[in-house]
Protein chains: 2
Amino acid sequence: MSELPFADHDHDHCASGVLDHADKLAEEKGLRLTPVRRAALEILLTGHRAMGAYEVLEQLNAKGFGNQPPVAYRALDFLVDNGLAHRVQRLNAFTACTQPDRHHRPVFLICRDCEQVAEADARDVQDTLSASADRAGFVIERVNVEVLGLCPTCKGKAS
Amino acid sequence: MSELPFADHDHDHCASGVLDHADKLAEEKGLRLTPVRRAALEILLTGHRAMGAYEVLEQLNAKGFGNQPPVAYRALDFLVDNGLAHRVQRLNAFTACTQPDRHHRPVFLICRDCEQVAEADARDVQDTLSASADRAGFVIERVNVEVLGLCPTCKGKAS
DNA sequence: TTTCCAGTTGTTATGTTATTACACGTTACA
DNA sequence: TGTAACGTGTAATAACATAACAACTGGAAA
C-alpha cells in the first residue's frame with residue numbers, strides 16, 4: 001500500500017489515462033471494447049466512486065443505450081473480467097480500476113462516512129494470504145479484501 | 001491459518017460445542033439468545049455451509065416461527081453482531097462461526113465447485129493489513145477477506 | 001402491584017439487486 | 001457466403017433486503 005489512496009488528485013487526468021490504457025489493452029489483447037462497454041467505464045470514471053449497477057444503467061440509458069438491467073450487468077462484468085473495474089461486494093457496487101496497468105491484487109478501503117472507496121495495492125497482504133492458502137491445500141482463484149472504516153479526512157472530522 | 005479447514009470432522013460434535021458456547025456467552029454477557037435466534041444458529045450449524053437468509057427463513061418457519069424475511073434477517077443479524085455467525089458477502093449468505101470462543105479475524109475460503117465455505121483464522125493476514133492501513137491513515141473497523149477457489153477435495157477431482 | 005419502557009416478534013408492503021430466456025443483429029473467419 | 005460465436009436489446013422474474021407499524025413480553029420504577 002504504497003500510495004495514499006484518499007489523497008487529492010486530478011480526476012480528469014486519471015480518467016483519461018485509464019481510458020487510454022483501456023483502448024491500448026483492447027487493441028493488444030483483441031478485446032472488444034464496444035461502445036456500451038467503453039461508456040460504462042467512462043461513467044464509472046466520471047463518478048469516481050463505487051456505483052450501483054442500476055445507477056450505471058440509468059446513465060447508460062441517458063446516453064442512448066438500453067435500459068434493462070442486463071445491459072449494465074454485462075458491460076460491468078466485461079470490465080471486471082478484464083481488470084478494468086472491480087466489484088465491491090460490501091456495497092453491491094462497481095468502481096473503475098485506478099491502476100489497470102499494474103497487475104495488482106486490490107484491497108478496498110471503504111469509508112463508512114463519506115462512502116468513498118480507495119483502491120490500494122496490498123501485495124504483501126495477498127502474499128501472506130497465498131502462503132496460508134497453500135498450506136491448507138486451497139487453490140486461490142480470486143481474492144476479495146474489503147476494509148470498512150474511516151478515511152483520514154472523515155477521521156479528522158469525527159474527532 | 002493453522003488448521004486445515006476442509007478436513008473431515010464430527011459435525012454433531014462441533015455443532016453442539018458451538019451451541020454450548022452460545023448459551024454460556026448469553027449468560028455471561030446478558031445476551032438474549034431467544035428461541036428464534038437459537039433456532040437460526042442451529043439451522044446454520046446443521047446446514048454446515050453458507051446459507052441464504054431465505055433458506056434459513058424457510059427452516060425457521062418449518063419450526064413454527066414467522067415466515068417473513070425480517071424474521072430471518074433479525075435473527076441472523078443478532079448472531080453476526082455477537083460473533084456467533086458471519087456473513088459471506090460474495091454469496092449473500094451466512095455461516096455459523098466455527099470458532100466463537102476465539103476472538104478471531106476470519107478469512108473465508110470459498111470453494112467454487114462444492115460451494116463449501118471454510119473459516120480460517122488468518123491473524124497474520126489481518127496484521128499485515130492493519131499495518132498497511134495505518135500507514136495510509138485509514139482507521140479499520142471491520143475487515144472482510146474472502147477467497148474464491150478450489151478446496152483440496154475438488155482440486156483433486158478436477159485434475 | 002401497577003405502570004411503564006425497552007426490546008423482541010410478527011406482518012404487510014415495498015425497495016433493491018441480479019438473472020434467465022429469447023430475439024435479433026454483427027463480426028470473424030472458414 | 002454461410003455459419004458459428006459473440007454482442008445487444010427486451011420482457012419477465014428471481015433473489016436479496018429493509019421500512020414501518022402493531023402486538024406482546026419481561027423486567028425496572030413508582
Side-chain angles (χ1 to χ4, degrees), chain A residues 22 26-27 29-41 43-44 47 49-82 84-95 115 144 146, chain B residues 22 26-27 29-44 47 49-82 84-95 112 115 117 144 146 148:
Chain A
E27 196 171 345
K29 293 197 184 176
L31 298 181
R32 297 180 56 184
L33 189 63
T34 60
V36 219
R37 292 169 176 174
R38 200 170 193 280
L41 181 54
I43 289 166
L44 288 182
R49 60 199 167 79
M51 298 176 75
Y54 280 70
E55 203 179 346
V56 172
L57 175 59
E58 202 177 308
Q59 295 199 30
L60 282 174
N61 187 234
K63 292 190 179 197
F65 299 98
N67 70 339
Q68 298 300 313
V71 170
Y73 282 104
R74 285 192 290 232
L76 291 167
D77 287 348
F78 172 87
L79 296 175
V80 170
D81 286 345
N82 293 288
L84 295 168
H86 299 290
R87 180 170 208 142
V88 183
Q89 302 278 351
R90 179 139 220 142
L91 304 175
N92 293 319
F94 300 82
T95 44
E115 301 214 321
N144 201 262
E146 297 181 5
Chain B
E27 197 170 345
K29 294 198 184 175
L31 298 181
R32 298 180 57 183
L33 190 62
T34 60
V36 220
R37 292 168 175 174
R38 201 171 192 281
L41 181 55
E42 276 180 27
I43 289 166
L44 287 182
R49 62 197 164 81
M51 297 176 77
Y54 278 69
E55 202 178 349
V56 173
L57 175 59
E58 201 177 310
Q59 295 200 30
L60 281 175
N61 187 234
K63 292 190 178 195
F65 300 97
N67 71 339
Q68 297 301 315
V71 170
Y73 281 104
R74 284 194 289 232
L76 291 167
D77 286 348
F78 171 88
L79 296 176
V80 170
D81 286 345
N82 293 288
L84 295 168
H86 299 290
R87 180 169 207 143
V88 183
Q89 302 278 351
R90 176 142 222 141
L91 303 175
N92 293 319
F94 300 82
T95 44
R112 70 159 158 79
E115 301 213 322
V117 176
N144 200 261
E146 297 181 5
L148 195 69

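All values below were derived from every heavy atom in this structure, side-chain atoms included, with hydrogens, water molecules and symmetry-related copies excluded. Throughout, a chain's letter reflects where its sequence line sits, starting with A, and its residues are numbered from 1.
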A:Arg32 CZ - C:dG25 P separation (whole Å): 16 Å

- request: Could you tell me the separation between the CD atom of A:Gln89 and the P atom of C:dT17, rounded to a whole number of Å?
  value: 14 Å

query: For the pair made of CG in B:Leu57 and P in C:dT9, what is the distance, rounded to whole Å?
result: 14 Å

- prompt: Would you call B:Lys63 and B:Ile43 a side-chain contact if the rule is heavy atoms closer than 4.5 Å?
  reply: yes

message: Can you see if the side chain of A:Arg37 gets near the phosphate of D:dG7 - specifically, an N or O under 4.0 Å from OP1 or OP2?
response: yes

query: Between C:dA13, C:dG7, C:dG10, which one does the side chain of B:Pro69 approach most closely?
result: C:dA13

- prompt: Which is it for A:Leu84 and A:Arg37 under the side chain to side chain contact (heavy atoms under 4.5 Å, CB included) test, yes or no, and what are the steps along the way?
  reply: CA-CA 10 Å; A:Leu84 295 168; A:Arg37 292 169 176 174; over 6 Å; no

query: Could you go step by step and tell me if B:Tyr73 and B:Phe78 meet the side chain to side chain contact (heavy atoms under 4.5 Å, CB included) rule?
result: CA-CA 8 Å; B:Tyr73 281 104; B:Phe78 171 88; over 6 Å; no

message: For A:Asn144 and B:Leu148: C-alpha separation, side-chain torsions, deciding distance, then whether side chain to side chain contact (heavy atoms under 4.5 Å, CB included) applies.
response: CA-CA 8 Å; A:Asn144 201 262; B:Leu148 195 69; over 6 Å; no

message: I'd like to know if A:Arg74 reaches the base of D:dG9 with its side chain, counting only an N/O donor and acceptor under 3.5 Å.
response: yes

message: In this structure, how many angstroms lie between the P atom of D:dT8 and the CG atom of A:Leu60, rounded?
response: 11 Å

message: Checking contacts here: which listed nucleotide (D:dT10, C:dT11, D:dG7) is nearest the side-chain heavy atoms of B:Val71?
response: C:dT11

- prompt: Out of C:dG10, C:dT12, C:dT17, which has the shortest distance to the side chain of B:Gln68?
  reply: C:dT12

query: For C:dA18, does OP1 or OP2 lie under 4.0 Å from any side-chain N or O of A:Asn92?
result: yes

Distance test, side-chain N/O of B:Arg87 to OP1/OP2 of D:dA17, below 4.0 Å: yes

message: Please report the distance, rounded to the nearest Å, between CG in A:Leu91 and P in C:dT17.
response: 10 Å

- request: Please report, rounded to the nearest Å, how far the C1' atom of D:dG9 is from the NZ atom of A:Lys63.
  value: 19 Å

Under 3.5 Å donor-acceptor pair, A:Tyr54 side-chain atoms to C:dA18 base atoms: yes

statement: From OH of B:Tyr73 across to P of C:dT16 the rounded distance in Å is 15 Å

task: Round to the nearest Å and state the distance from B:Phe78 atom CZ to C:dG7 atom P.
output: 13 Å

task: Locate the shortest heavy-atom distance separating A:Ala40 from A:Ala75; write the atom from each residue and the value.
output: CB-CB, 3.9 Å

